[in-house]
Amino acid sequence: MRHKPAIAPNIPSVSADPTVEVTMTVNGQTVTRHVSPRMLLTDFIRHELGLTGTHVGCEHGVCGACTVLIDGRAARACLTFAVQADGAELRTIESEASEDGTLSELQKAFAECHGLQCGYCTPGFIMNIRAHLESGEKLDLSDEGIRDMISGNLCRCTGYKNIVAAVRKSAQHFNRK
Amino acid sequence: MSTRQFGAKISRNIDPELLRGEGKFTDDIPLPGALHAAFVRSPFARARIEAIDTSDALACPGVVAVYTCDNIEHLDRELPLLIPHPSMNNARTQRPLAREDVYYVGQPVAMVVAVNRYVAEDAALLVDVDYDALDVELDMEKAILDDAPLVHPSHPNNIAADFTQVSGNPDTAIAAAEHVTKLRVQVDRSTAAPMECRTVAAWFDHVSSELTVWDGTQAPIGVRGGLASLFDLDEDKVRVIAPHVGGGFGQKVMFPYADEILVPYAAINLGKPIKYIEDRRENFIGSNQERTQIHTIELYATKSGEVLALSDDFLHDTGAFIPYGIAVAQVASTSIAGPYRIPNIRVRFRAVYTPTVPVTPYRGCGRPQACFAIERAMDQLADELGIDRFEIRRRNLIRDDEFPYARDGLLFADGLQVKHDSGQYLRALEMAREAIGWDDFPAKQAEARAEGRYLGLGLAFYVEGTGLGPYEGGHIKIHPITGKVYVNTGLAGQGQGHETSFAQIVADQLGVNVSDVIFREGDTGAYDWGVATFASRAAVVSGNAIYKAAKVVRQQLVEAAANMLEAPTDEIELTDGYASVKGTNRKIAYSTIATATNPLRYAFNEAAQIATQFAPASKHDGPPLAEGQHPGLEATDYFSPSCATWAYGVHAAIVEIDPVTCRVVFHKYVCIHDCGNMINPTIVEGQVMGGLAQGIGGALFEHIEFDDDGNLTNANFVDFLIPYATEIPDIEIQHLETPSPLNPLGVKGVGEAGCIAVGATVASGLADAVSHVSGSKFHYTPVTPDMILEALPQGTAQPPD
Amino acid sequence: MKPPLFDYCSAQSVQDALQKLHETPGALILAGGQSLIPAMNFRLVSPSTLIDINRIPEFRKVEVTSDGIVVGATIRHRDLELDAAVHAANPLLRLALAHVAHVPIRNRGTTVGSLCHADAAAEMPMILLLTGGSVMAQSVSGTRTIPAEEFYKFHMTTAKASDELIVSARFPALPRGAGYGFAEFARRRGDYALAAVGAIVSCDDSGIVTDARLAACGIGSKPVRLTAAENALNGRRADKAAMAEAALATADAVTAPDDTQVTQAYRRHLLAGLTRQVLAQAVSARKEAIA
């Protein structure tokens, strides 16, 4: 069977959507892009910026896989238009480890407690927990308190038990600092 | 390494990259200039297509192509029947894009390709399809009646398969029975809902005529075979890569889904990379599901509770098509006697077409249904005969000295006889009894009842045939430059930690750190012999293949090192990447050995000089590589199991019903399980716990809802209730390790273990909680708040404070 | 699940937003977007234009006075939940807000947006009704106050005209000395309520109920006052018998039909049980307030 087209077809490469300019700080770096007003922040982060650690699980705000920090607070990137983040300061999972790749205490706790399996939901959990750790609020580290903290993030692999352990481990470390 | 790695709790090699957000999932693969696909899907459960007009969609700016059954050339055909079986007559499979008829809501009718997914979705809404809706019947028990509307006119009474298996002599045993227990139980429709939906990306290089497909699949080798066949390409021109995959749970073992062939087709057709990233709604209405079975089970017993015979007749909902054959129903039917001796069995099933999303395995694959049937039946038998629930099981469990215990006449899903290979079933039951505190429970329950509370103890035993063949391979090579060990197998991983468990096996054989084992799977360009990841088989089948290959490489290492170090082979030790002579400081790095065993012309680095033609150690008399010898340190071996190996376990739970909300509160949940020798107990526990959580979802929360017209009414995460951490109890897991005699490592599978017995355990506990006030037996899962309310006495709205 | 195309307009002032809303057919207001954007991703809603009001400073205010809390249009649920002055003025808000989805949603979702979305199972519309609150609607032609009982018409339907913007909501402070309670059940944490009940109970010095207010959501097509239950309490001592009678009197308030999760019968059962719980909470809270 031959699979060679004679002449390459003429194919459009960009959508006809109008664009707006957005500028924001992402993981400490200022970025400016021209995007369609309907572009979701998930797609902006993943495909405009190439930060593919933020994952897309449901696109209706239930699973939490796309959780990022917008101006220091955890938020669903799938329920935010990129244009709404104009002027905002964003942090994604790519900011969690240090420059040389050394894992944060929170990431280490996940590895040590086997708090991840397929790893798809993990960045969302990490960013949500990160926001709690940095919130300055007193954390309830009882089993129930931790489960409440991470409710809002779905994991289909671990059954949560080891994530609860990882949160406790990292929070204790965080509290000591 | 001096410490044994097999059996150690080791953190996973894969974790750092996943934790940093550096995973490589399909949609993370950068494909410059990629176009995006979206599907037009049937809004009717059963309809005739009168016309399709794609002109408005094609006119939409940014749209590149719209495909229907009329412009996909040779792909307009029924897709393959993956697992043929004589019980099916003219098994129906799906077309990539519907022609003339649609059979379920969600079936792909057209595929739009556009510059991005936003525009592709805009255009998909502009494809105008004229349907003529037909009558449907979704209730299986009605669908098999003579006047029911047919899904396929070719199949009267909607019967896709009708199959009976018999073990022993049930008729004689039934005649001898003193007591009959009969019940009807149902486990309903659910879905795997992996966190990453299904994904396909494809790129066809017209210069080299090579097709590369990134596919979030559990079966890359199968997909490669299917694509090579459908596109008439030589296998070496098709490379299928399953990169990181965000969970599979069976949904991704089925292939080819329509998108898996249409995306490559569009890539070839348009000369551009194409991506299809399924969205959550599509995952609900377009990706396969499982579970609905209605069992009518009878136990024939003596008055002392010994079960002489079992008869089960069940209906299995196969959805609109049966591409995976009868696998799910067959696993259920051959697991129906559970861990019990029951020497005489007759089990019949009918697989029924319904106008719904097709049914193929989802974690558990028929086992949760079989477990639910037999365990609810054992509880009922105990109740009817006035025997304690633990005791009735004790009287029927296969004893340690009875292994291997074969069920002649029952062929498992691998076409081989059911044979429980090893176990300590009685001990497991005893461990569960102790862990749950059975001896104290009656007093606690009495106290609770006196306070008007509803406290119950649930119990269920499960077995799991795992590690199905036909075979897997393991390929091992020691890299000459780095000295690291490179390992391949034909599986694909979706989070199970293959890279770590298999590295542990290799590390012990070859004396290297687990972190120095480079593992690659899911890439037909790297290794293309094997089957897929399913049926809790990876550790058993690939694990043993890798073990065998590692032993060969070990021998090569020892012999080459003995030669280079001028010592006898029995004095060579392999530790931390070095071969050394016992009791001396003479040692040599694996990289050096690997280099030296590969005769070279070119010294690409300094170390390589030792292997070149004029190096002191080089031969000058005859071929540098002797006849039959191959270069380097490398081996491939295979493992093909003689039959499935049977893992098992017991669950016990203490549950309480909140009479106001009808919520089920878990006071304690214990899981005793035995999957043979454990390679990495941490990973094993993770697998079991994950399965338990899915089991709790299936027992209490997760239910696919269809309305009478066949619309899936909860195709989203708001209405399909996957539990959060707040809904999952802390579960105590205890291990038993009874080696399997069927493979060198003595391992059994564990992937599906956790989920199997949860529904039966919860139902058992709930029935016990209300046994003093209600006859409710909880013969259906998922259990809803209404079912619990019905089991409570009238007026429970006024509970004591 | 990508949203359809729309024109985007970031309003710089209240007048700017109102003018744009007035002149643009099919335009919708974008505040937190936590209900609107999922609906757009499912393509259930296709606004011609989204008027983003997040950059209007006047809307970013919470005013707490002795008689109530005025919440600006872009105040996030989470801001309100953590606001100590709000909590002091009316603790019911924090109790209910803790049940609104999860923290990441509350971080962006606005309370006024939730009031306007008017999901029949949502907590905050019920709290507005329970507390006797109101919303302030503004358009190019003027401003009007709409009391909660007139605002809610049906599931996701309010008295707001299409060219009106709800610029703020007012929750009255908890009456001095009143007891209060809130209880909700959803099968999964953070989900919309299968039923939720709130109570405010005021008594005279002798312990006789002078004003019982009870409201519920999730049980019908909009948040409702449980008037039969209120009547069963008013003028009586709030003892167990009265509370039990009040709980039983909630049955007719449930009008939601059987749905995919639960039946109407279950909702009646649940509502009665939750009503007992909130009344018990209210009585004990009142005792604490007095003590």
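Below, read A as the first sequence line, B as the second, and so on, with proteins coming before strands; counting in each chain starts at 1.
Only the side chain of B:E727 has a heavy atom closer than 4.5 Å to any heavy atom of chain C. C:P38 does not touch chain B: none of its heavy atoms, backbone or side chain, sits under 4.5 Å away. Only the side chain of C:Q277 has a heavy atom closer than 4.5 Å to any heavy atom of chain B. Heavy atoms closer than 4.5 Å to chain B are found nowhere in C:Y192, neither backbone nor side chain. Contact annotation for C:L271: neither backbone nor side-chain heavy atoms come within less than 4.5 Å of a heavy atom of chain B. Within the 4.5 angstrom heavy-atom criterion, only backbone atoms of B:L700 (N, CA, C, O) approach chain C. Residue B:V718 touches chain C through its backbone alone, counting heavy-atom pairs closer than 4.5 Å. For B:F720, the part lying under 4.5 angstrom from a heavy atom of chain C is the backbone only.
Salt-bridge formation is not detected for the pair B:E702/C:R188: no Lys NZ or Arg NE/NH1/NH2 atom is positioned less than 4.0 Å from an Asp or Glu carboxylate oxygen.
Checking side-chain atoms of C:N54 against main-chain N and O of C:A31 turns up a donor-acceptor pair under 3.5 Å. With hydrogens and angles disregarded, a donor-acceptor distance shorter than 3.5 Å links the side chain of B:R280 to the backbone of B:M195.
Atoms OG and CD1, on C:S202 and C:I200 in that order, are 7.5 Å from each other to the nearest 0.5 Å.
Contact count against chain C (heavy-atom pairs under 4.5 Å) is highest for B:T661 among B:D707, B:T661, B:T726, B:D122. Note: C:T260 leads C:T260, C:D191, C:L194, C:N41 in heavy-atom pairs under 4.5 Å with chain B.
Partner of B:R198 under the salt bridge (charged side-chain N to carboxylate O under 4.0 Å, His left out) criterion, out of B:D279, B:D259, B:D27: B:D259 alone.
Residues B:E278 and B:N283 have side chains that bring a donor and an acceptor to within less than 3.5 angstrom of each other.
Taking the ring axis of C:Y152 as reference, the NZ or CZ atom of C:K222 does not stay both within 45° of it and closer than 6.0 Å to the ring centre.
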